Amino acid sequence: MSDPSLSYPSDQARWIGLVLLLLGLAGALGFDLYAEYRSAYASEREQVDKAARTVEVNLSRNLQTTSDALESIRDELPWLLSQQIEHNDNNLLNRRLQAMAVAQTGVRSLLVVNAAGRSIASSRPELIGRDFRDGERYQTISRGLDPARLYVSAPFLSPLNVYVMSVGRVLLDGHGKFDGYVLAILDPAYFSVLLDSVRYAPDMRIALIHQAGKVVFRVPDPEGVTGLDLLAKPDSLYWQHARSGQDRSLVEGRTPTTDQELLVAFRAIRPTSSPADKSLVVSVSRDQAVILAPWRKNLLVRIVLFCAIACLAAIGLLICQRRRAAYARLQAIRQADQEQAESQLRDSEQRFRDLFVHLPVAYQSLDVAGCWLDANQKMADLLGFESPQQLLGLDFIDFWGDQYRSQFDAAYDQFKANHNVDGEITLRRRDGRPVDVLFTGRIQRDAQGRFLRTHCVLLDISERLAMEQHVLQLNAELESKVEARTAALAQANEELHHQARHDALTGLANRMAANERLRSEFLLMKRSLLPYAVLLLDIDHFKRVNDSLGHDAGDKVLQGVAHLLRASLRESDLLARWGGEEFLVLLPATDMTEACLVAEKLRQGIELAPDLVAGGITLSIGVATAGPEQLSEDDAVRLADLQLYGAKKAGRNRVHAGAAA
């Protein structure tokens, strides 16, 4: 029962003040949590939309590049067909399609279908002669008849059991009637890599959806959503986006396919400049529960912290209220403690003696001259004596190691002046063997400050020092092995990096390295506004060399051409093997006039070279320049490729040039 005498009128006011303070703190925490909630959600909306924008930009450019390639094939088709007839070479168009397919990122196959729906040429031989008349693509393109439009087909299941998609452009005869189409089948692996590259969270799902509602790709797809028709589900989030009629939207809600509350960003994907009959839609989604998990964790932490603060404050106030009562009781206890003090003092010496005898470390007491006054059994064992009584009266300095004896007097004087000493020393046992000890000592003085005795504790550390030395040796050996292994790994990584970016036959930069340099030069040109030139070189009639002299001779010709070209270029110029018998030259800070001079120099150098294995080797060269007005580093390469084919069409062994639009 509480004592009424311990209650004070101010206690109630203190409790009211504490409650008001806690309510204010709770309000501030709640407002801060709400602000963090809004900030976290707004930031995530921006991040999801940014990821969708990244996919949109990349795929729009890729679709435009594919559309341009299809248009290029369509423009070249009459000439290629006439060349097939003229040279009696039925594979000329197929080889051109193969070269275009290799050059196009994300394109799996290219084919030409005639008005009857049959494939007459393809980059993949197994597709030649197949009948596509009953397919949805044939029906859509044959009815469209718009030569400027890119026709994007709905996804279909390939023989490899993966969903693929195709885009095509219509062919018209001289009377404007349907004469077939050129078609590009897109590579699902490219889209999978692109979609996966923008994922920044494990719960993130990125899907590519055809405008008609069918899911083309989804990364990752543990729920098996790929191939579903989302417009067939009126309660799907994609259905809400499609109903809005907007190219981009942010939708929140529960998805019927996975029954999760999601935040989804949708963006329409179309070629950058060509019209398309259908668009693609990228969806980037995140689980709202995962998005808000850190915020919920923070909420729980702050609730627990608030409760702890409230409890501590209440306990502190309660303790404050009881302090006066405790003080009164303390006065009564002091009297009893004073009566017990004398009894405890009498017992202290006995307890000290018991501790001294059973202490697990060596203990000794020395007089002012450094001779033993007392010691325990551990001290006797440390120095090799049978009992501590054998140590009494002996001089402690006689058991110091030889290297420490000369320092004893100075150290002992310093010890008496500082009242304490700590350190490691080496003692000599009774049998002469050394022992390393950790030493600490304190001085005891009387009431007038006069020296009475020293108390020292010693701990045998011989085994520890030996172990430390062994560990240091092991560490040194391990560090040496790690350094050697690290150097070997660095050299291996450097070799792998070089092999990944160089052609094994010619030693030149390969297509990957060339694309990286083209991108770098394009960005530099955008900053400096200085044009650069791109040359595409093709060895004329190289197939004849392989057919007549064999592939070994063809390889030597490629190596010889690469050597001659490299010797004719500047250190700052890039020479790369672009593919097969094609080479790419990048000339930084070079206009069209200078580029044509370099191209003619290279052409003449190969034509006049006497030592090539095949003899009489010539080059066809396409030249293009890139300026600040262009939108992509691929524009100059694409135009150089067209100029190259113009040079071949004009009779080979010549230079054709044109500027990028």
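Worth saying up front: this structure is predicted, and the values here are computed from it rather than measured. Hydrogens, waters and symmetry mates play no part in the numbers below; they use all other heavy atoms, side chains included.
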For the residue pair [X] and [Y], establish whether any side-chain heavy-atom pair is separated by less than 4.5 Å.
X    : Y    : value
V107 : M100 : no
L619 : F583 : no
N515 : E633 : no
L558 : F542 : yes
L70  : L110 : yes
L208 : I269 : yes
Q260 : S285 : no
P222 : R205 : yes

For [Y], does its backbone N or O pair with a side-chain atom of [X] as donor and acceptor, under 3.5 Å?
X    : Y    : answer
R74  : V170 : yes
Q288 : L262 : yes
H210 : S153 : yes
S67  : Q64  : no
K649 : L80  : no
D503 : A509 : no
T590 : P588 : yes
R248 : F266 : no
R603 : I606 : no
Q84  : L93  : yes

Between OG1 of T66 and CD of E71, what distance do you get to the nearest 0.5 Å? 13.0 Å
Which distance, rounded to the nearest 0.5 Å, do you find between the CG of N58 and the CG of L63? 11.0 Å
Do D540 and S620 have side-chain N/O donor and acceptor atoms under 3.5 Å apart? yes
Please tell me whether E44 and Q47 have a donor and an acceptor in their side chains that are separated by less than 3.5 angstrom. no
Test side-chain contact (heavy atoms from CB on, under 4.5 Å) on W578 and V637 and set out the steps. CA-CA 11 Å; W578 193 244; V637 178; 3.8 Å; yes
Minimum-distance pair of heavy atoms, taken over all atoms of A514 and L574: CA-CD2, 4.0 Å
In terms of heavy-atom contacts, S109 and S123 come closest through CA-OG, 3.5 Å
Could you list the residues that satisfy side-chain contact (heavy atoms from CB on, under 4.5 Å) with [X], not counting sequence neighbours?
X    : result
R654 : A647, A650, H656
T140 : E136, R143, Y151, D277
Q211 : K278, S279
H502 : H498

Residues two or more places apart in sequence or in another chain: which of them pass side-chain hydrogen bond (donor to acceptor under 3.5 Å, both in side chains) with [X]?
X    : value
E516 : R501
N62  : none
D547 : K543
D75  : none

Among all residues two or more places apart in sequence or in another chain, which pass the ring pair (Phe, Tyr, Trp, His ring centres under 6.0 Å) test with Y138? F178
Suppose we screen for ring pair (Phe, Tyr, Trp, His ring centres under 6.0 Å). Which residues come up paired with Y181, at least two apart in sequence or across chains? none
So, [X] and [Y], do they make that salt bridge, N to O below 4.0 Å?
X    : Y    : value
R199 : D196 : yes
E223 : R218 : yes
D635 : R61  : no

Are there over 12 heavy-atom neighbours, none belonging to R544, within less than 6.0 Å of that residue's CZ? no
Is it true that atom NZ of K648 has more than 12 heavy atoms of other residues, nucleotides or ligands lying nearer than 6.0 Å? yes
Do you know which of I185, V152, V113, V167 makes side chain to side chain contact (heavy atoms under 4.5 Å, CB included) with R137? I185
Run through R270, R267, H241 and flag the one making a side-chain hydrogen bond (donor to acceptor under 3.5 Å, both in side chains) with D247. R270
List, one per line, each side-chain donor-acceptor pair under 3.5 Å for residues 561-569, sequence neighbours excluded.
| unit_1 | atom_1 | unit_2 | atom_2 | d |
| --- | --- | --- | --- | --- |
| R566 | NH2 | R570 | O | 2.6 |
| S568 | OG | L564 | O | 3.1 |

Inter- and intrachain pairs under salt bridge (Lys or Arg N to Asp or Glu O under 4.0 Å), touching residues 579-594, at least two apart: none
For D538 and L536: C-alpha separation, side-chain torsions, deciding distance, then whether side-chain contact (heavy atoms from CB on, under 4.5 Å) applies. CA-CA 7 Å; D538 187 270; L536 276 180; over 6 Å; no
